[in-house]
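Encoded as structure tokens, the structure appears first; notes follow it.
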Amino acid sequence: MKKLINDPMAFVDETIEGILLARPDHLKRCEGSERALMRADGPVEGKVAIVTGGGSGHIPVFLGYVGPGLLDAVSIGNVFSSPSPDDMLAATRAAHGGAGVLHLYGNYSGDVMNFGMAAEMAEMEDIEVTTVLARDDVVSAPVAEMDRRRAVAGLFFAYKIAGAHAEEGADLAAVAAAAEHAAVNTRSMGVALTPCTIPAAGEPTFTLGEDEMELGMGIHGEPGLRRTHIMPVDDVVDEIMENVLGDLPFASGDEVAVLVNGLGATPPEELFLMYRRTKVILDEAGISVHRAFVGEYATSMEMAGASVSLLKLEGDLKRLLDAPAYSPFLPQWPR
Amino acid sequence: MKKLINDPMAFVDETIEGILLARPDHLKRCEGSERALMRADGPVEGKVAIVTGGGSGHIPVFLGYVGPGLLDAVSIGNVFSSPSPDDMLAATRAAHGGAGVLHLYGNYSGDVMNFGMAAEMAEMEDIEVTTVLARDDVVSAPVAEMDRRRAVAGLFFAYKIAGAHAEEGADLAAVAAAAEHAAVNTRSMGVALTPCTIPAAGEPTFTLGEDEMELGMGIHGEPGLRRTHIMPVDDVVDEIMENVLGDLPFASGDEVAVLVNGLGATPPEELFLMYRRTKVILDEAGISVHRAFVGEYATSMEMAGASVSLLKLEGDLKRLLDAPAYSPFLPQWPR
Amino acid sequence: MEKLTGADIIAFLRMLAEEMPGHRDELRDLDARMGDGDLGITVSIGMKAIGDGLADLEGETPGTILARSGMSFNREAASTFGAIFATALMGAGKTVRDQEEITLADLPPMLEAAASDVSARGGAKPGEKTILDVLLPMAEALKGEVGAGSSLPDAARRAHEACVEALELTKQMEARHGRGGWLKEKSIGQPDPGSTAICMMVECFARFVAQS
Amino acid sequence: MEKLTGADIIAFLRMLAEEMPGHRDELRDLDARMGDGDLGITVSIGMKAIGDGLADLEGETPGTILARSGMSFNREAASTFGAIFATALMGAGKTVRDQEEITLADLPPMLEAAASDVSARGGAKPGEKTILDVLLPMAEALKGEVGAGSSLPDAARRAHEACVEALELTKQMEARHGRGGWLKEKSIGQPDPGSTAICMMVECFARFVAQS
Ligand SMILES: Nc1ncnc2c1ncn2[C@@H]1O[C@H](COP(=O)(O)OP(=O)(O)O)[C@@H](O)[C@H]1O
Ligand SMILES: Nc1ncnc2c1ncn2[C@@H]1O[C@H](COP(=O)(O)OP(=O)(O)O)[C@@H](O)[C@H]1O
Ligand SMILES: [Mg+2]
Ligand SMILES: [Mg+2]
Ligand SMILES: [Mg+2]
Ligand SMILES: [Mg+2]
């Protein structure tokens, strides 16, 4: 295990310490939890609070999305494991500005069950909670069973859009509706080239042969569509786009935002090669690109691989996507 | 070689195509060269133009630093190889806004010689050129031979500061002086855990054993201080900081900006672990941190490793570092 | 031993806290074949958390000890299994809330309450390769033992046998929940990792009541 | 063959363009031991660029062909070696600018001009493990051949021998320039990669003038 770490068991807590030292003006701890962080200027009185959370190992997901125009608080689990309901409750309580709380996170069963417990506890404290789940990975279940789909990098769009709507002063139902609109309009698929290692486990959770890649693999190594010999990037993108475009389905005349996300070890250069092919395919399909995001928006530590996400822009989505937002964990927005 | 690429020989040109497709509002080609890019709104009349360049494989270095408040044009070499003087000349000519050009880049002999040829050609066309070299890697030569030192991620500070001063309307001599001030006030040292592969070469240029790291290794795999068994990150930072602090030397009462840079495969989490220890050491030394930058500011494709850079803030440097600047290839600035 | 006091439950949980981390790699490898590999760590950390919390539970009733231990587990090792396991222990504990002791006759309703709360929390039904598929067969087996008037140690041995048989049957099931759910038909052939962990705990329980 | 016309220079450069890429891996490995590994690619791409540019140079003088070929090399394969090699070819070409043909007697001043321009461009002095350390010994050897009235093929063979000997001596030198410069005393023991490439070209030259 080649990592720049100290004690593997202290990995998450020490990372949080480093983050708080580096960003004292941006983040602070939520009262009553070592594993929950919030906007340094929060709670924002009268604003719908958006709370997220999930396993560690995915920065900027999750804590990197806390900030003005984005989310309010986050609970932090061990690497690739759900946070505890106590930490989720602490985040919910601390972020609550009197206008209700949106729990917005990825559709993983550990997170769903633990956030479910936290939401029940919050309701007992008279905090209104609504839940929206990102579930953008087209490979993870057939479209008819969308509620079984897992979330990958496309979660970014739901964060950005819900965050912008909350910042505008929308109420809880409206913020949740915008988040859900983004979630159901987003489709993603990825490819993995190398595994990553959970520090406390010490060994990669899966293996890929010297010349292999897995199309559709999830960001924790969940099984994908198929394992294949390394292919040229254009062929990889062709297969990704075939699955992504056909799923919503996207159609000629649509306007989209594109996210090409790197999982960690894949260099920026290769992400732009992926975008290059994506753009050609979209042009051919008569689909126009409003904005392209290319970079690391959801990582899996040192995993090599990438994903392409499309968000179909309709109604308010474009305005909300374009709204300002700030977090020092994110790439600068294209403008 | 596990990469998301097409033909390895087309890697650089296809990357540039992808970048231009993704960022049409931000970058355009310089006239007369396929390997030179500039601000889409350039040349900026009356402003000192800053031109950089170097080998590919380091995004956001070099082209990611072109933008408002930053640089004006860039020439792009093959992976880890200098651009040609023709491309440097094309960038110089295209960016020139009538107020002279600063050639600002890293101290690598290929770049120095080729930029030297380009500067001579530019002068023949009556374009005034001044050159400043970043040379921040403390390991690469003793302090008495600073002019033999290579540049690593600390180049970022020289870019940011020179870019801000040019944007303010300073003249060529003043912009060059600010760049040189940043360059001589910056000290860096890194560590490498795994190699990377030049696409056209197909094989890693160096090897490191399963349990080895190399302290002080350069961003192309240049030899460092010593090769050692993997150490805890705190010990790595201790050794880096001992070399960095002693070199300027930094002293109690100094105010610095810190850059913890990831080389590519090292996850953000680990960079924050590095910052955590760096901050403790600086506190103990009585050195205060004005701003911390933690992320990927200069990569080496899929290399795992990181570096710590310190900029001693004096005079105008703080104001220039804090000035706004925009490029979609960079992390959002801490504010 | 025919009755379990709070002190007995604490002793048993301490035994689990000591022994279960020894299964860490086995559970990790099993779970890694089901999509990720977190279960080994989850069970190690969660059991250690239970162990660390026991000192504060001296003098409490068996039901409270179980419920609070479930919460400790999931606080330190939150995860799908953590939430499910906490839900199960809370459900079981609730059933014997005010009792100072529990006997063999209490075990079937405790297991049934655990299963029904787990089902409510995670939406699983029997046959979907979850811990329900060992909890319910054990409840059935224990009902039989109660009817036959067995001793607690004999019944516990029998419950463990039923658990092992039921675990074997999970191999043929297709996972629908947790990360294993994405494997679809590829999940067939492997035993359910969560149920494997339960089986290890029951084996421990059988030894505990036999030896005390 | 005692004189080299423009057509001869083109034929020789075409031979280099065909043969030098065959040394790609050898040069890469040698250069990789000196800090990076780009020299193999540099020489392959650069020589191909020279080859591709030759058609446009038909009818030009030897000096122009050499100078323009140096620029082609560095345009496509810019690098330390590219800049140095272009500088060398431009310096050599300049020396015989207007001549339609070159003879043995032209070679020593061509090599000396190349070395002095390289030194001006890169700041190296003899003994610092650069191509100067083969260029200057070859110039000396060729001066001797001119004095002895040797034939061009004999002189070229002798120049190659001098180059091989000089290359051997670079092993003992400590690099100060390029990426090898950072290796300091660790660069001792390896021959200079750039000088190795020059030696390969000179070997080619000796064969060219012998066979034509
Ligand atoms: N909905 C559910 N109901 C009951 N048990 C479940 C459910 N989902 C998962 N489990 C149990 O949890 C185990 C997996 O736990 P864990 O590894 O923590 O979760 P994940 O699958 O999210 O990685 C499974 O083997 C199964 O026994
Ligand atoms: N300043 C210099 N003067 C002359 N030759 C040089 C100089 N620097 C490097 N060289 C030559 O160039 C070769 C290295 O070329 P290359 O691999 O392109 O450069 P780099 O060392 O930057 O990777 C060296 O082996 C040496 O022969
Ligand atoms: Mg990375
Ligand atoms: Mg990366
Ligand atoms: Mg699991
Ligand atoms: Mg080299």
Side-chain angles (χ1 to χ4, degrees), chain A residues 8-9 33-35 53-55 57 75-89 107-118 120 137 139-142 145 147-150 195-207 216-224 300, chain C residues 21 24-25 27-46 48-49 70-88 90 117-124 128 130 175-187 190 194:
Chain A
M9 301 307 289
S33 168
E34 300 288 296
R35 289 294 192 93
S75 53
I76 300 166
N78 287 324
V79 175
F80 293 4
S81 290
S82 168
S84 76
D86 308 72
D87 297 318
M88 293 163 167
L89 179 61
N107 189 26
Y108 288 92
S109 59
D111 299 311
V112 172
M113 289 193 231
N114 284 299
F115 261 113
M117 293 177 161
E120 287 166 22
D137 186 349
V139 160
S140 53
E145 295 181 66
D147 289 350
R148 292 186 57 216
R149 284 187 173 176
R150 60 193 175 228
C196 61
T197 298
I198 297 175
E203 287 181 24
T205 45
F206 64 95
T207 50
M217 186 175 258
I219 56 172
H220 312 94
E222 293 91 346
S300 292
Chain C
R24 188 187 127 131
D25 292 355
L27 290 172
R28 182 193 62 208
D29 293 348
L30 206 56
D31 192 42
R33 270 172 263 141
M34 299 291 282
D36 63 355
D38 58 333
L39 193 64
I41 305 170
T42 296
V43 170
S44 299
I45 296 180
K48 189 177 169 304
M71 289 171 71
S72 299
F73 184 106
N74 194 40
R75 185 172 305 118
E76 297 298 321
S79 54
T80 304
F81 186 80
I84 287 297
F85 189 61
T87 301
M90 287 160 77
D117 285 6
V118 162
S119 198
R121 169 66 54 213
E128 294 177 346
T130 71
R176 302 266 316 158
H177 302 274
R179 294 215 162 92
W182 291 308
L183 272 174
K184 295 161 209 158
E185 67 286 351
K186 274 177 254 166
S187 65
Q190 307 284 345

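Just so you know, these numbers use all the heavy atoms, side chains as well, and skip hydrogens, waters and symmetry mates.
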Nearest-0.5 Å distance, CE of residue A:M117 to CE of residue C:M90: 6.0 Å
CE on A:M113 to OG1 on C:T87, rounded to 0.5 Å: 8.0 Å
Check: C:W182 side chain, A:R148 main-chain N or O, donor-acceptor pair, under 3.5 Å: yes
Structural part of A:E34 lying under 4.5 Å from a heavy atom of chain C: neither
Per-residue contact mode, A:D137 against chain C (heavy atom under 4.5 angstrom): neither
Residues 74-81 of chain C: residues contacting chain A (heavy atom under 4.5 Å, by number): C:N74, C:R75, C:E76, C:A78, C:S79, C:T80
Residue selection (most heavy-atom pairs with chain A, distance under 4.5 Å) from C:G178, C:A83, C:G40, C:G122: C:A83
Contact winner vs chain C - A:V79, A:N78, A:N114, heavy-atom pairs under 4.5 Å: A:N114
Structural part of A:F80 lying under 4.5 Å from a heavy atom of chain C: backbone
Largest heavy-atom contact set with chain C, pairs under 4.5 Å, which of A:G218, A:A200, A:G221: A:A200
C:R121 versus chain A, the contacting section by heavy-atom distance below 4.5 Å: both
Portion of A:V139 that has a non-hydrogen atom of chain C nearer than 4.5 angstrom: backbone
Steps toward side chain to side chain contact (heavy atoms under 4.5 Å, CB included) verdict (A:R150, C:R179): CA-CA 9 Å; A:R150 60 193 175 228; C:R179 294 215 162 92; over 6 Å; no
Heavy-atom proximity to chain A below 4.5 Å, by part of C:I41: side chain
Proximity breakdown for A:M217 and chain C, heavy-atom pairs closer than 4.5 Å: neither
Part of C:R24 lying under 4.5 Å from any heavy atom of chain A: side chain
